[in-house]
Amino acid sequence: MNRFGKDSRWIIPLSRRRKRKKTENKVRYVVMNVYCPNGCSLMDNQNNINGYPGIRIKYKRPGMDGEFVISAIEGDFSKTILSGILEEGVKDELYCPHCNTIFKKLVNCDCSSDGDMVVLGLTKTLDYNNAITFCNVTGCTRGSFIKSGDVIRHVRLRAT
Ligand SMILES: [Zn+2]
Ligand SMILES: [Zn+2]
């Protein structure tokens, strides 16, 4: 294909010239339900974060324990601490607030020598292909949605 026009100007194919839509960056996933390894729902309808029910988690480390709620929105690291104190850069073991089962760990996180990526299933029976994962060190923003079926919803967030 001849890419030069009559006057020898470079012709950029349309597909490459098309601009990315600005809204693309604002499309995020929201977890509608997430479960502990025993199948308890961790959704907390009493504690909404940015308009959606949060995910309630129990934490423990030597000398401290409590509960917090994290945002169900992908990439949103907002958190409401219900009890206890979290320390930046410190790891907590994470548990189900209903049955006290410790969450499964997938891999180590790069953020510190002992950070773990915990995994929570989007289905009652844990399926690592339908799960979310995040680091158990306070302040670490590593985490992702591994895969989704109908269990998570695609939403558009308003620009903040
Ligand atoms: Zn449980
Ligand atoms: Zn980490």
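All ligand and atom numbering here is 1-based and tracks the order in the structure. What you see is a predicted model, and the numbers here were worked out from it, not measured in a lab.
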Throw together a table of side-chain donor-acceptor distances under 3.5 angstrom for residues 55-64, partners on residues two or more places apart or in other chains.
{"residue": "Arg56", "atom": "NE", "partner": "Glu67", "partner atom": "OE1", "Å": "2.6"}
{"residue": "Arg56", "atom": "NH1", "partner": "Asp44", "partner atom": "OD2", "Å": "3.1"}
{"residue": "Arg56", "atom": "NH2", "partner": "Glu67", "partner atom": "OE1", "Å": "2.8"}
{"residue": "Lys58", "atom": "NZ", "partner": "Asn100", "partner atom": "OD1", "Å": "2.8"}
{"residue": "Tyr59", "atom": "OH", "partner": "Ser83", "partner atom": "O", "Å": "2.7"}
{"residue": "Tyr59", "atom": "OH", "partner": "Ile85", "partner atom": "N", "Å": "3.0"}
{"residue": "Arg61", "atom": "NH1", "partner": "Ile85", "partner atom": "O", "Å": "3.1"}
{"residue": "Arg61", "atom": "NH1", "partner": "Asp92", "partner atom": "OD1", "Å": "2.8"}
{"residue": "Arg61", "atom": "NH2", "partner": "Ile85", "partner atom": "O", "Å": "2.8"}

Review point. Quick one: OG on Ser78 to CG on Asn50, what's the gap to the nearest 0.5 Å?
Key: 4.5 Å
Point to revise | Cluster overlap Tyr35 with Phe68, hydrophobic side-chain contacts below 4.5 Å | key: no
Review point. About how large, to 10 degrees, is the angle SG of Cys140, then the Zn ion (ligand 2), then SG of Cys111?
Key: 110°
Study note, to complete from the structure: Here the vertex angle at the Zn ion (ligand 1) for SG of Cys36 and SG of Cys96, given to 10°, is 110°
Exercise for review: For the atoms SG of Cys99 and SG of Cys40, give the angle they form at the Zn ion (ligand 1), rounded to 10 degrees.
Suggested key: 110°
Study note, to complete from the structure: Value for SG (Cys135) from CG (Leu94), rounded to nearest 0.5 Å, stands at 9.0 Å
